[in-house]
Amino acid sequence: MTHNIENLSRSESEQWQYLRFSTDHKVIGVQYMLMTFFFFLVGGLLAMLIRAELITPASNLVDRPLYNSLFTMHGTIMIFLWIIPFNAGLANYLVPLMIGARDMAFPLLNAISFWMLPPAGLLLLSSFLLPNGPAKAGWWSYPPVSLQFPPGQFINGEFIWIISLLIIGISSIMGAVNFVTTIFWMRAPGMTFFRMPVFVWSALSAQLLQLVNLPALTGAFILLLFDLSFGTQFFKPLSEGDPIIYQHLFWFYSHPAVYIMALPAFGIFAEVLPAFARNPLFGYRSLAIASLGIAFVSIFVWAHHMFTSATPGWIRMTFMVTSMLVAVPTGVKTFGWVATIWKGKLHLETPMLFAMGGAAMFIFGGVTGVMLATVPFDIHVNNTYFIVGHFHYIVFNTITMAIFAAIYFWFPKITGRMYAEGWGKLHFWLTFIGANLTFFPMHPLGLQGMLRRVSSYSPEYQGWNIIASLGAFLLGVSTLPFIANIVGSWLYGIKAANNPWHASGLEWTTSSPPPRDNFEEIPIVNRPPYDYGNPRYSVIEPDDK
Ligand code: HEM
Ligand SMILES: [Cu+2]
């Protein structure tokens, strides 16, 4: 393999653009993805500390207050600084390309939304330097626990936590306005709603949820801040405040947040599976509508997180039924993925491995989700490791795997270079095995009664805990081939064709990487997506791999 000098210097100057202020949606998208990956590593490091503590039944590595900070910061970072903003970054990169636009509707607003995040994230991390350390009340930050800081300490971990989450939330709302406007008004001629790829449908559904539900969380955080720092009594039970109201406001956003995280993953599966099965996506319209259906139903299920919060029976029953209804549109999705690869000619390159692995794991996490929607079962396993096992099958085994599928799939488009296949497969197998070793044992542990958010446990639970911790360290190792592959291939990888996977989306019709304005000429769309036999646009494919 030869590299000429121009090539190297060109790519070097390209990498620096990601540190500069830019209003190009592609640069901003990559900035989001790089920044959130940094926080994924921080969150992962915290997870390994937690798992190191849990190898032995006694609490001996960190003290209990610090343990509380560890799981609080881990959960907060993984949700608000890894998955949600990563999805925003990926959608930023892809949506304008996929709908044939030259940029987002509001490029400056887009850049501002991004640049609010690094200071907010660093502010959150800085709370490790405070005398009493970071917030300790879990990622829900329920009052009254979250309000228990020594009086007289105005700047405490909880204060910093609320301020940084408010900044992140405002950034997300601004982003949502931008995405929804872009998808409604910036589509290329002929790009009707039912010619948009499913990825765009899922981004639209997720961003609508941000618009509708995030303001409730923002309001709750502002009231919480007043209770914490300015002596109000909104949520303080001893002064006739109502902590349960906080739970309602919190979950009114935070259950849909699960779908704000998961819908883009479903969108990724809908792009990757057909490309590598060389089959059109099965049931395009129903998958597109199911995205909106999932988003809609998810607005009405929040109280399933409150089955044990002295919730009246009729509310429990109502929310049990609505929660189970989510299984209908998600079932449509799963069926569509299976039917797409059925009898396909499967090409098992790295993006496909991650997409198939992630989709399969979603079936497991989805089934335990329906189990948890059942009130009596949920009461039994409430606050145990069964919950932690269930949601990590979603947030890690499904969504984080989908994110890796996306990174490998669009890497050639973004960087103009190919990644190394062998390293990618190594990364997949380490991740897949590590994730199941880590999170499967949490289910039997929870069924046997091991509580979550504890740093010590009774010795009978140790066996499964050792397996989970070894799995977590394997996951830590799995990031090494990934980082090596991405950095090495970005600098020295062989040049990528415009459409190395023979995929069908509009983004593959332009050069790799695309020019500043995305397309030489705005394309005119005349066919539905995933129409493999008939290219939708006149595509010229130079030196295809
Ligand atoms: C990288 C591998 C990961 C490992 C080994 C891991 C492990 C853990 C462990 C051991 C806990 C503590 C459970 C408890 O005490 O209740 C935890 C909590 C949590 N994790 Fe992860 N996790 C990982 C990735 C993720 C990801 C990708 C997310 C994405 C959202 C995530 C979200 C959470 C949340 C929300 C909590 C709950 C925190 C709380 O109780 O307030 N984790 N994780
Ligand atoms: Cu929920």
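Only heavy atoms go into these numbers, but all of them, side chains included; no hydrogens, no water, no symmetry mates. Quick caveat, the model's predicted, so the values are computed rather than measured. First listed ligand is number 1; within each ligand, the first listed atom is number 1.
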Worksheet item: Numbering the atoms of ligand 1 from 1, which are under 4.0 Å from a heavy atom of T400?
Response: 27 (C)

Discussion item. Side chain, backbone, both or neither: which applies to M48 and ligand 1 if a contact is any heavy-atom pair less than 4.0 Å apart?
Written reply: neither

Worksheet item: Hey, what's the angle at atom 21 (Fe) of ligand 1 spanning NE2 (H392) and NE2 (H74), nearest 10 degrees?
Response: 180°

Response to the item:
The answer for which part of W140 has a heavy atom under 4.0 Å from ligand 1 is neither

Worksheet item: Of the choices V388, L41, L54, I77, which has the non-hydrogen atom that lies closest to atom 11 (C) of ligand 1?
Response: V388

Item to complete: Please find out if less than 6.0 Å separates the ring center of F221 from that of Y253.
Response: no

Practice prompt. Would you please determine whether I50 falls within less than 4.0 Å of ligand 1 on a heavy-atom basis?
Written response: yes

Discussion item. Short of 2.8 Å from the Cu ion (ligand 2), name each protein N/O/S atom, waters not counted.
Written reply: H255 ND1, H304 NE2, H305 NE2

Worksheet item: Do E158 side-chain atoms and K136 backbone N/O form a donor-acceptor pair below 3.5 Å?
Response: no

Discussion item. Does F159 have more than 12 heavy atoms from other residues, nucleotides or ligands lying within 6.0 Å of its CZ?
Written reply: yes

Item to complete: Record the part of I83 in heavy-atom contact with ligand 1 below 4.0 Å; permitted values are side chain, backbone, both and neither.
Response: side chain

Fill in: Mode of Y142 contact toward ligand 1 - side chain, backbone, both, neither (heavy atoms, under 4.0 Å)
neither

